[in-house]
Every structure is written in structure tokens, then in C-alpha cells.
Amino acid sequence: MKRLRTDHSHKILHLVSLVPYGCVVSYGQLADLAGLPGRARLVGRTLRVHNTEQLPWHRVVAANGRLSLPKGSPALNEQRQRLISEGVTFKGNAITGACVAMTKHQWQPDLGAILMLFDG
DNA sequence: CCATTGACGGGCG
DNA sequence: GCGCCCGCCAATG
């Protein structure tokens with residue numbers, strides 16, 4: 001595991017593992033839950049750098065519902081594919097201008113449970 | 001050391 | 001909705 005200077009990766013990756021089937025979270029939301037407000041980019045870096053093979057990484061999208069992976073990348077197709085297969089719906093053109101319908105699918109975590117997980 | 005670059009977010013016009 | 005700008009900050013050249 002690559003290690004960032006102040007390593008918040010464990011917390012972030014754990015939170016990702018909690019996102020339920022058919023739901024999505026935003027990078028900023030994960031940052032908030034991890035106690036790192038305003039650090040959405042750190043979450044993105046963490047997912048890019050670490051091995052996410054065992055995680056539902058595809059459930060992490062931008063706050064506005066956009067899929068933030070590089071346009072045309074295999075990973076982007078994979079993410080869209082997986083979300084669709086989980087029943088996640090999109091606004092606009094489902095192929096090109098795809099935006100997840102956040103109001104329907106955004107994860108609403110049990111905040112009490114989250115606090116417990118990280119020593120509340 | 002400085003500049004640019006991101007799997008981002010939010011405010012404003 | 002869209003573009004612009006700013007805050008964020010580790011990594012990269």
C-alpha cells in the first residue's frame with residue numbers, strides 16, 4: 001500500500017466499503033465522513049493510488065452526479081456499466097452526458113454508526 | 001524552488 | 001445550465 005504523508009487512506013477506503021449496493025457517494029461526502037472537510041481531492045487521489053479491486057469504488061461519483069474518471073478510459077466504462085447493473089439511474093443521455101440521479105441514489109449513512117466506527 | 005495537474009466542491013454571474 | 005474563479009494539497013516535472 002502506498003502511503004501518503006498523513007495517511008488517511010485506511011479511513012477513506014473503509015468508508016467506501018460501506019456504501020450499499022445501488023447507492024452512490026460523492027468524494028466530498030466521503031471526505032466529510034472521514035473528518036476531512038474540504039478535501040474531496042484527497043479522496044480522489046486515494047482511490048487512484050490504492051488498490052480498489054476489493055472495494056465498490058464505482059459507487060463514488062462527483063457531487064453533481066458526474067463520473068469523474070478520464071473520458072474514454074476503460075475504468076469509466078466499467079464504472080458506468082456497474083452502476084447501471086445495480087439499477088442506478090442517470091439524468092440526460094445515459095451514454096455521453098451521464099449524471100447519476102443523486103437525489104434518488106445518494107447514500108444517506110447512519111451517522112451514529114459512522115461515529116462508532118471511528119471512535120466517536 | 002516554482003508551476004502545473006488532478007477520480008473535487010462551491011459560490012457567483 | 002454553463003463558465004469562471006478560488007480553495008484544497010500531494011505529486012510531478
Side-chain angles (χ1 to χ4, degrees):
Chain A
M1 278 261 200
K2 173 159 186 178
R3 193 151 297 270
L4 280 54
R5 199 176 59 158
T6 351
D7 192 3
H8 299 108
S9 54
H10 179 75
K11 210 166 184 177
I12 293 170
L13 297 176
H14 185 82
L15 283 166
V16 172
S17 74
L18 301 179
V19 184
Y21 183 99
C23 293
V24 296
V25 229
S26 76
Y27 298 88
Q29 192 182 351
L30 285 175
D32 289 345
L33 292 172
L36 304 165
R39 303 196 53 185
R41 298 192 91 115
L42 176 63
V43 174
R45 269 200 313 275
T46 302
L47 292 182
R48 173 171 55 84
V49 168
H50 288 73
N51 181 17
T52 54
E53 286 175 40
Q54 314 308 106
L55 298 174
W57 57 269
H58 57 284
R59 298 180 188 145
V60 186
V61 303
N64 60 7
R66 282 290 302 274
L67 309 188
S68 297
L69 282 76
K71 185 178 60 170
S73 67
L76 175 60
N77 295 326
E78 179 69 16
Q79 181 176 28
R80 197 164 41 223
Q81 188 69 32
R82 291 193 190 185
L83 289 174
I84 292 174
S85 77
E86 293 190 4
V88 173
T89 56
F90 290 75
K91 301 172 66 175
N93 188 319
I95 301 302
T96 55
C99 280
V100 171
M102 296 302 277
T103 57
K104 285 196 176 218
H105 303 289
Q106 185 162 35
W107 184 35
Q108 316 277 351
D110 182 309
L111 297 180
I114 299 293
L115 286 174
M116 291 309 203
L117 289 173
F118 301 115
D119 175 35

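Note on naming: letters A, B, ... go to the chains in the order of the sequence lines (proteins, then strands), and numbering restarts at 1 for each one.
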Practice prompt. Can you tell me the distance, in whole Å, between the NE2 atom of H8(A) and the C1' atom of dA11(C)?
Written response: 17 Å

Worksheet, complete the sentence: Per-nt protein contacts along nucleotides 7-13 of chain B (heavy atom under 4.0 Å; B base, S backbone sugar-phosphate only, - none) come out as BBS----

Worksheet entry | Donor-acceptor under 3.5 Å (S73(A) side chain, L76(A) main chain) | yes

Worksheet item: Taking the side chain from Q79(A) and the backbone from V60(A), do they hold a donor-acceptor pair closer than 3.5 Å?
Response: yes

Worksheet item: Crowded around Q81(A) CD? As in, over 12 foreign heavy atoms under 6.0 Å?
Response: no

Item to complete: Could you give the distance separating dG7(C) and dG6(B) at their C1' atoms, to the nearest angstrom?
Response: 14 Å

Worksheet entry | DNA chain C base-pair string [pairs: Watson-Crick or G-U under 3.5 Å; |: paired with another strand] | .||||||.|||||

Practice prompt. Verify, without hydrogens or angle tests, whether Q29(A) (side chain) and W107(A) (backbone) share a donor-acceptor contact under 3.5 angstrom.
Written response: yes

Item to complete: Find the distance between CG (L30(A)) and CG (L47(A)) and round it off to the nearest 0.5 Å.
Response: 7.5 Å

Worksheet item: If you take all heavy atoms of D32(A) and P37(A), which pair is closest and at what distance?
Response: OD1-CA, 3.4 Å

Discussion item. To check you understand the geometry: which heavy-atom pair defines the closest contact between F90(A) and I84(A), and what is its length?
Written reply: CE1-CG1, 3.8 Å

Worksheet entry | Least distance between heavy atoms, E86(A) atom then H58(A) atom | OE2-NE2, 2.8 Å

Worksheet item: Expressed as a whole number of Å, how far does the C1' atom of dC8(C) sit from that of dT5(B)?
Response: 13 Å

